[in-house]
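To keep things clear, I will list the structure first and then write my remarks on it.
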There are 2 protein chains.
Amino acid sequence: MRDYQLPPSKCIAMMKLLAFCLFIISLINIPIAEARIRHYKWEVKYEYRSPDCYKKLVITINGRTPGPTIFAQQNDTVIVEVKNNLLTENTAIHWHGIRQIGTPWFDGTEGVTQCPVLPGDTFVYKFVVDRPGTYLYHAHYGMQREAGLYGSIRVALPDGQSEPFAYDYDRSIILNDWYHKSTYEQAAGLSSTDFQWVGEPQSLLIHGKGRLNCSTANSPLKADVCNNTNPECSLYSMTVVPGKTYRLRIGSLTALSALSFQIEGHNMTVVEADGHYVEPFVVKNLFIYSGETYSVLVKTDKDPSRNYWATTNVVSRNSTTPPGLAIFNYYPNHPRRSPPTFPPPGPLWNDVDSRFNQSLAIKARKGHIHSPPATSDRVIVLLNTQNEVNGTRRWSVNDVSFNLPHTPYLIALKENLLHTFSQTPPPEGYDFANYNISIEQEDNNGTTSDAIYRLQFDSTVDIILQNANSMVAEVSETHPWHLHGHDFWVLGYGRGKFDRINDPKKYNLVDPIMKNTVPVHPYGWTALRFKADNPGVWAFHCHIESHFFMGMRVTFEEGIERVGKLPSSIMGCGETKHFREP
Amino acid sequence: MRDYQLPPSKCIAMMKLLAFCLFIISLINIPIAEARIRHYKWEVKYEYRSPDCYKKLVITINGRTPGPTIFAQQNDTVIVEVKNNLLTENTAIHWHGIRQIGTPWFDGTEGVTQCPVLPGDTFVYKFVVDRPGTYLYHAHYGMQREAGLYGSIRVALPDGQSEPFAYDYDRSIILNDWYHKSTYEQAAGLSSTDFQWVGEPQSLLIHGKGRLNCSTANSPLKADVCNNTNPECSLYSMTVVPGKTYRLRIGSLTALSALSFQIEGHNMTVVEADGHYVEPFVVKNLFIYSGETYSVLVKTDKDPSRNYWATTNVVSRNSTTPPGLAIFNYYPNHPRRSPPTFPPPGPLWNDVDSRFNQSLAIKARKGHIHSPPATSDRVIVLLNTQNEVNGTRRWSVNDVSFNLPHTPYLIALKENLLHTFSQTPPPEGYDFANYNISIEQEDNNGTTSDAIYRLQFDSTVDIILQNANSMVAEVSETHPWHLHGHDFWVLGYGRGKFDRINDPKKYNLVDPIMKNTVPVHPYGWTALRFKADNPGVWAFHCHIESHFFMGMRVTFEEGIERVGKLPSSIMGCGETKHFREP
């Protein structure tokens, strides 16, 4: 054996190299240990499916609708490569509830944050899921969401951390309603001058499955169109083990319907809403609006020798849509075995009080309260109105119905293409003194605009959603409003016309829940507060697909000057065609 | 009065100025006097229509399907501004029969000559119509043509020139077949692994109108879906004055069907085919294939006290599609008055001889013969085959089914992006010795490719379309092949397998007709010759929409180095995203 003596200079150089290597290794290790990459490759295309026994064309992700659930842990980076194989149709996918901090360009909102993805193109979404909780994803282009392009996102706590409630098993379930007409047919009817309303959905789906009775359907349906023996439309069955506690993560992506969800004979303890812990409260039935998510805890402590119904019922509309059914299957009963009982009836569709009360019951969980700023810098009142604009029926706020411009706002603002949309600010309120929200308006005329609300960065903004009578006598609909890029504090709900002097005094500033989607109840108001602290351009809209399509949306900009360099992959439409890089 | 004497230098300068002004005026005058600009603004969108009494979503141009007829004179420049209002779907429009000399980028063939036009975008087509005659236009993207996006182009002779035949009135008429399923449903069925054939069309339309019997339709149809009292589906009625000669310009844009067209009791003299004068011949019924146009002369010399039926019948397929009906209305009879007779029956669907004979009868008119080159530089044999490719049914040539690449060829070739498609040349023939065209093949396996045929500029190319048995026993279908960017000489038709030694000796080199679309008859062959003298990239394909969709197409390139600077408006997809200019 020989002994090598290195000169000191060489020794120091090697030590430096070693230190550098260790540093590099540490860099590599951090993401592996603490935040992983969750990589998904999706193919989006049209396929025939029979989710409720009725065969129609749906949009699938990797052959499935609902699409695959995204599983991740807090602070993971999710990468989804979306290959558009829709033949002649573009697409875009929104990650509902993910705030996209630092990546406003991957919010997936066509016309706001990106150009549509062309057939044959692969668009890569890449974003961090920075908070645990239950979220959704869905198409955000035309009315594609309704065609089946949607799914769940489940973000777990980091290893070693646990929720402030205990459960044995964790399950995701998506609620939906289902039309037999194609989204093209619906959209064409809504946008034509001889307006054709989409009507009530034909089915309610529980986790993508329903069960139309083919023989009693609207008109006799042939077996190649509607077939009740098709195994594709066997009811969804959730198998549970007796004597356990289940966390059910329930999301709604209905096109139109407000729902009541219940599990026959089982109470549910609400513990999470839109990714935030809720001070627990018990319900027999959960009201859930399109765009909302809840976690409920269910104990499987009932007679284990049988199965139970899980049901959805339409509320808030006097709907012709039959209830949605699924089987809550106590192991080891056969998962397809029908419960021996009739499905329990839902609540009365027009029992507004119960829905109001649930809204009021949802508060932040003790120990997990994010306190809101005590005051706001700006109050924007959004009167929910239905209007006639140039002979077409539209939904609006403050009598202004939203029109999407041809160049996405995020790019237009960042690249200073301000001529691409109206620079006249949209109205921040309505005629508070004279507008009677309780009756149809004599003058229903509205206007359209693509103007946006520009918010001062880091300011605190209050939004008052004010409901009103629609164009139909004695009808005020429930509108679930969804805000992109933020959670907001829900400061209060009220009935009638919001009183700008007195109602703010009753705001809950102690333990308001934070959410991203909230209903405004019939003839009522809902008050929200959020910090405009996420640089980007963000949609805020009614989550009812047809209302959204008919213009019930606004757009907020904040801190555009702080937005980083836009990826050229979001460009290629309107005036951004030449911004694409090789 | 004073007399001014100009210095000679100033005089010359003024004379020069005068000459320059006259020159400028002459430049302005030339286009006005001899070739006008024909400017059209079109809005393309989905609307509900009931062309055959069955209500469905169709694509309209300015509210109409068929779209507006383009009227122009030889050498006019046609400008069509196409605004895509299809909401989520792209588009592209092909000008069928217009050679696009010098403007190969405005041929409107998505994936070959341009990127698709995005929703909200306006694409401006601009091209010269350099020859008089009867042409067509239609969507060339996905299967949109079938949704109703099509129309006629009529190019008249310059003022003072006249046709070599006399007539009093000139009328355009478009024939079509009509499906009740959407193009999405059709395309999804064709491209799924559990292949679903589109089936036979539900109706035949004459100039966009048909008449389904709602009560005897496939299944009972409700009045809101099918209503025979809807005036929208009153039969098309062509009013004629007795004792005159009518030129009928008849074009077919059927999705599937080969047609026989006749006017009860009236003979028709064929005088034009695809923009070329035909040595006149008389028919009782005209066979016409998708993509073809004919002019026929009809004398209104029958009993003027009544109306007559105009009918279309499906030939070549044993179709369930009922005949198409229209009224040939002798003025002053009421245009909606039914003729007192039963509509005349069409020819037997499987009477191949008659169709063969009509093909053989079509020759160039004396005095208007364009002589073909006596020999060709290259012979490409295209065996029409049906194949199974990776478990999917496809149509192919030489067992190769065409796949469109992601970057349009014209741009890829001009900008040297050769990696965007296969550089392995496609086969120029098949196993001539051993392939039995008369029977189903034991091995139906095919491949797909996006390779193209590169032709030497200005060379003469022969194409032999060789028909064969499909994958169904004893079935060989009629395929109408359409060539973009050229007319070809039709040198011959034959039965059975083309004999490469002896059949060319029988070619008609004396008075072959020039066409852009030609059928290959069941179990037969068709021989074409064309000069590769139009710099660009050109599609050649079966004009049956579903066959085309299933891969029955090839692509030719010639003289790409002579193609001028491409307009950036055709770019924006695949690898051309960054080529767009502001």
Side-chain angles (χ1 to χ4, degrees), chain A residues 45-48 55-58 85-92 110-111 115-116 118-122 139 141-144 147 181-189 191-194 196 218-222 225 404-407 549 568-569 571-582, chain B residues 45-48 55-58 85-92 110-111 115-116 118-122 139 141-144 147 181-189 191-194 196 218-222 225 404-407 549 568-569 571-582:
Chain A
K45 66 174 175 178
Y46 275 106
E47 295 188 86
Y48 277 107
K55 187 173 169 182
K56 65 167 276 191
L57 220 47
V58 307
N85 273 345
L86 295 176
L87 299 174
T88 55
E89 198 175 333
N90 308 307
T91 195
E110 187 271 334
C115 291
L118 266 65
D121 270 4
T122 296
Y141 186 52
M143 295 174 80
Q144 284 179 345
K181 277 196 177 176
S182 71
T183 53
Y184 297 90
E185 293 172 304
Q186 293 179 53
S191 55
S192 77
T193 42
D194 54 331
Q196 276 191 301
N218 225 349
S219 59
L221 294 166
K222 291 198 300 177
V225 175
L404 209 51
H406 198 35
T407 301
F549 184 83
S568 80
S569 65
M571 304 181 186
C573 63
E575 298 211 6
T576 76
K577 288 202 159 81
H578 57 293
F579 289 144
R580 294 292 297 231
E581 282 161 19
Chain B
K45 66 173 176 179
Y46 275 106
E47 295 187 85
Y48 276 106
K55 188 172 168 182
K56 65 167 279 191
L57 222 46
V58 307
N85 272 346
L86 294 175
L87 299 174
T88 57
E89 198 176 334
N90 309 307
T91 195
E110 187 272 334
C115 290
L118 266 65
D121 270 3
T122 297
Y141 186 53
M143 294 173 81
Q144 283 179 346
K181 279 195 175 175
S182 72
T183 53
Y184 297 90
E185 292 173 304
Q186 293 179 51
S191 56
S192 76
T193 43
D194 55 332
Q196 275 190 304
N218 225 351
S219 59
L221 294 167
K222 291 198 299 176
V225 175
L404 210 50
H406 198 34
T407 301
F549 185 83
S568 80
S569 64
M571 305 183 186
C573 63
E575 299 211 4
T576 75
K577 289 203 160 80
H578 57 293
F579 289 143
R580 293 292 295 233
E581 282 160 21

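Reminder, nothing fancy here: chain letters follow the sequence lines and each chain counts from 1.
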_Closest non-hydrogen atom pair between Leu118(B) and Cys573(A), with its separation_ = CD2-CB, 3.7 Å
*Side chain, backbone, both or neither: which part of Gln196(A) has a non-hydrogen atom closer than 4.5 Å to chain B?*
side chain
*asked:* Could you report the tightest heavy-atom contact between Asp121(B) and Gly574(A), atom names first, then the distance?
replied: OD1-N, 4.2 Å
*State, yes or no, whether a side-chain contact exists between Met143(A) and Thr88(B) at a heavy-atom distance under 4.5 Å.*
no
*So which of Asp194(A), Leu87(A), Thr91(A), Thr183(A) has the biggest tally of heavy-atom pairs under 4.5 Å with chain B?*
Leu87(A)
*What part of Leu57(A) is in contact with chain B, defined as an atom under 4.5 angstrom from a non-hydrogen atom: side chain, backbone, both or neither?*
side chain
*Quick one: which of Ser191(A), Gly142(A), Gly189(A), Ala188(A) has the most heavy-atom pairs under 4.5 Å with chain B, could you say?*
Ala188(A)
*Starting at OG of Ser182(B), measure out to NZ of Lys56(A) and round the result to the nearest 0.5 Å.*
10.5 Å
*chain A heavy atoms under 4.5 Å from Tyr48(B): which part of the residue, side chain, backbone, both or neither?*
side chain
